[in-house]
> 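Below is one structure. I have some questions about it.
First listed ligand is number 1; within each ligand, the first listed atom is number 1.
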Amino acid sequence: MKTLIKNVEMVDAEGRRFGKVLIEDGKIKKVYKEKGNVKSEYDQEIDGQGYLLMPGFIDMHCHLRDPGFEYKETIETGMQAALKGGFTTLVAMANTNPLMDEAALVKANLEKAEALKLCNLIQVAALTKEFNDSNLVDIESLRPLTNVFSNDGVSIVNPDIMVAGLKASTAHDFILLTHCQPETELVQRDVDLLEEIGGHLHVCHISKKDTLDLIVEAKAKGLDITCEVTPHHIFASAMDYKVNPPFRTYPDRRALIEGIKAGIIDMCGTDHAPHSEADKQKGAPGINNFEMAFAMYYTVFEQNGISLEKLSEMLSDAPARRLGLKAGLIKERYPADLVLVDPNWEGKINPKEFVSKSKNNPFGGETLKGKVMMTMVKGEIKYDNNGPAL
Ligand code: DOR
Ligand code: ZN
């Protein structure tokens, strides 16, 4: 199957250009400049007039709830929601039930995802057995299945486990993702340990100015550390909607936006955390983000004069590089994981219309800008908002 996307402005971390993209066998076969002639034949043509073509978004942080909490979300409903939001690769956290602390469980999820043929899945493995803060999982059996380990959802309180996790991240070449609450205190401890013993560290959902200062120092020392923000922490402050880490102050929110501008924050994740209404009422923390994340990010970036190229870097290129994927750019021989967006769309997104199984999102009344019109994974259209002439 060969597809041509024509009349389109392409935007990725490397810049903007107008032209066409030829897709073959799931990959970007050729990128044509403005007036380049397409000599090869193709089966399908997509007119991207008025839209922007971006690399598919790679979410470094989401919760798919499968297995164990299928009433909140399944791999299938989560991926449908992700595709609607422009996400083509998902890093799914390990706090399922059972937790992802054994190879057979991780393997089962990867097989489920493979059969669904929706998004690409990287299934995170737990760092410790049952998130118990005392026994590491069997990394040797898990490592062939994933290069991401995390107890996200809970903090690693025991410093010995943090030491063991960092050492293992070097020995087995994986990325250790941390959830830090209290945030600044634990990030400080982890940066100190990283400096002492090395390792590959990614700090999830940073939300405070003080944390940002620690990340700046750690990067200046050349430590292997990256971090991400969530859409909600840069979009709002001081809300009492329950989420971990909580909404912070206005100065914290401003500092995060400045941290993006300064290149201190590497990635834009979602922390998509679906919960049923009953669970939310009982105090479950989390926001259902896949279907609103792009518009929230785009709106905040635009309001603050941050380019779409930078957003593409943070949504696609940076996570791809961190995860070791040859993806996240519109480039020949890269996977045809692509998104068409309408940058001029403005409106309100209604959580009641989410395709996710849950609807927990407090931003329903907000006017946002930017809409995902089509999402393609490996050259196949997986979501179509019937915008472009397909
Ligand atoms: O708000 C959150 N929800 N933060 C987390 O770290 C976990 C997540 C969840 O699993 O619901
Ligand atoms: Zn977390």
Side-chain angles (χ1 to χ4, degrees), residues 59-75 77-78 81-82 90-101 109 123-128 130-131 133 148-157 162 165 175-187 190 201-208 211 226-237 239-248 256 265 267-290 292-293 296 319 351 354 356-363:
D59 187 6
M60 195 71 173
H61 188 153
C62 68
H63 300 268
L64 295 180
R65 308 299 191 212
D66 194 343
F69 304 103
E70 291 90 343
Y71 66 98
K72 299 178 197 249
E73 195 81 289
T74 63
I75 293 179
T77 61
L90 306 179
V91 176
M93 290 300 163
N95 62 343
T96 50
N97 185 18
L99 293 161
M100 291 286 136
D101 60 3
N109 268 12
Q123 177 59 61
V124 178
L127 182 68
T128 61
E130 296 172 341
F131 282 12
D133 222 18
V148 187
F149 287 71
S150 180
N151 282 5
D152 177 72
V154 302
S155 305
I156 297 169
V157 178
M162 196 58 205
I175 317 159
L176 175 58
L177 271 54
T178 52
H179 172 123
C180 296
Q181 281 185 281
E183 183 171 300
T184 308
E185 289 82 341
L186 285 185
V187 174
D190 294 351
L201 181 64
H202 174 83
V203 186
C204 290
H205 42 54
I206 65 161
S207 63
K208 297 183 78 173
T211 315
T226 51
C227 66
E228 86 208 3
V229 278
T230 71
H232 45 275
H233 289 115
I234 67 158
F235 188 83
S237 49
M239 279 176 70
D240 60 11
Y241 196 85
K242 184 93 188 286
V243 64
N244 280 338
F247 282 97
R248 303 296 188 181
L256 293 177
I265 301 172
M267 299 171 211
C268 289
T270 69
D271 201 358
H272 175 76
H275 289 294
S276 68
E277 234 176 279
D279 288 353
K280 275 313 278 182
Q281 266 161 21
K282 280 183 250 157
I287 298 181
N288 191 315
N289 267 333
F290 277 152
M292 236 190 261
M296 289 173 77
F354 280 0
S356 164
K357 223 177 213 188
S358 300
K359 319 289 170 198
N360 53 305
N361 186 305
F363 298 111

> Does the side chain of His275 come under 3.5 Å of the side chain of Ser358 through a donor N or O and an acceptor N or O?
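No, no side-chain donor-acceptor pair sits under 3.5 Å.
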> Using every non-hydrogen atom in the two residues, find where Phe69 and Asn95 come nearest and quote the distance to one decimal.
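Shortest heavy-atom separation between Phe69 and Asn95 comes out as CE1-O, 3.8 Å.
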> Check each atom of ligand 1 against the heavy atoms of Gly153 and keep those under 4.0 Å away; list them by number with element.
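Heavy-atom distances to Gly153 below 4.0 Å select 6 (O), 7 (C).
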> Would you mind running through ligand 1 and noting each atom that sits below 4.0 Å from a heavy atom of Gly286?
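It comes down to these atoms of ligand 1: 1 (O), 2 (C), 3 (N).
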> Do Glu228 and Pro319 have side-chain heavy atoms sitting under 4.5 Å apart?
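No, side chains not in contact.
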> Spell out the protein N/O/S atoms under 2.8 Å from the Zn ion (ligand 2) as residue plus atom name.
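For the Zn ion (ligand 2), the protein N, O and S atoms that sit under 2.8 Å away are Asp152 OD1, His179 ND1, His205 NE2.
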> Give a yes or no on whether the backbone of Ala92 and the side-chain of Gln123 come within a donor-acceptor separation of less than 3.5 Å.
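Yes: the side chain of Gln123 pairs with the backbone of Ala92.
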> Where does Ala273 meet ligand 1, judged by heavy-atom distances below 4.0 Å: at the side chain, the backbone, both, or neither?
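The answer is the side chain.
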> Do His202 and Met267 have side-chain heavy atoms sitting under 4.5 Å apart?
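Counting from C-beta outward, His202 and Met267 do come under 4.5 Å.
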> For atom 6 (O) of ligand 1, grab the closest protein heavy atom and report residue, atom and distance to one decimal in Å.
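Nearest protein contact, heavy atoms only, for atom 6 (O) of ligand 1 is His179 CE1, 2.8 Å.
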> Checking contacts here: is it the side chain or the backbone of Met93 that comes within 4.0 Å of ligand 1, counting heavy atoms only? Could be both or neither.
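The answer is neither; Met93 stays 4.0 Å or more away.
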> Looking only at protein heavy atoms, which one is nearest to atom 1 (O) of ligand 1, and how far off is it?
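Looking only at protein heavy atoms, the one closest to atom 1 (O) of ligand 1 is Asn244 N, 2.9 Å.
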> Is a donor from one side chain sitting under 3.5 angstrom from an acceptor on the other, for Asp152 and His205?
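Yes, a side-chain donor-acceptor pair sits under 3.5 Å.
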> Tell me, please: is Arg65 in heavy-atom contact with ligand 1, that is, under 4.0 Å?
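True for this residue.
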> Specify side chain, backbone, both or neither for Ile287, according to which of its non-hydrogen atoms lie closer than 4.0 Å to ligand 1.
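None of Ile287 does.
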> Looking only at the side chains, is there a donor atom on one of Asp59 and His272 sitting less than 3.5 Å from an acceptor on the other?
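No donor-acceptor contact under 3.5 Å links the two side chains.
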> Taking only heavy atoms of Val243 into account, list the atoms of ligand 1 that are under 4.0 Å away from them.
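Matching atoms, with element in brackets: 1 (O).
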> In terms of residue, atom name and distance, what is the protein heavy atom nearest to atom 3 (N) of ligand 1?
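Scanning the protein heavy atoms, the shortest distance from atom 3 (N) of ligand 1 goes to Pro285 O, 3.0 Å.
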> Checking a contact table here: which protein heavy atom is nearest atom 8 (C) of ligand 1, and how many Å away?
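For atom 8 (C) of ligand 1, the nearest protein heavy atom comes out as His63 NE2, 3.7 Å.
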> Please determine, by modelled atom types, if Ser356 and Thr77 share a side-chain donor-acceptor pair under 3.5 angstrom.
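No.
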> Locate the shortest heavy-atom distance separating Met100 from Pro67; write the atom from each residue and the value.
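In terms of heavy atoms, the two residues are closest at CE-CD, 3.4 Å.
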> Which part of Lys242 is near ligand 1, with near meaning a heavy atom under 4.0 Å away: side chain, backbone, both or neither?
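No part of Lys242 is near ligand 1 at this cut-off.
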> Asn360 and Gly286: which non-hydrogen atoms are nearest, and at how many Å?
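Residues Asn360 and Gly286, closest heavy atoms: ND2-O, 3.2 Å.
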> Ile265 and side-chain contact (heavy atoms from CB on, under 4.5 Å): which partner among Thr226, Val203, Val229?
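Of the listed options, the one satisfying the test is Val229.
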> Do the side-chain N and O atoms of Glu70 and Thr74 include a donor-acceptor pair separated by under 3.5 angstrom?
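Short answer, no.
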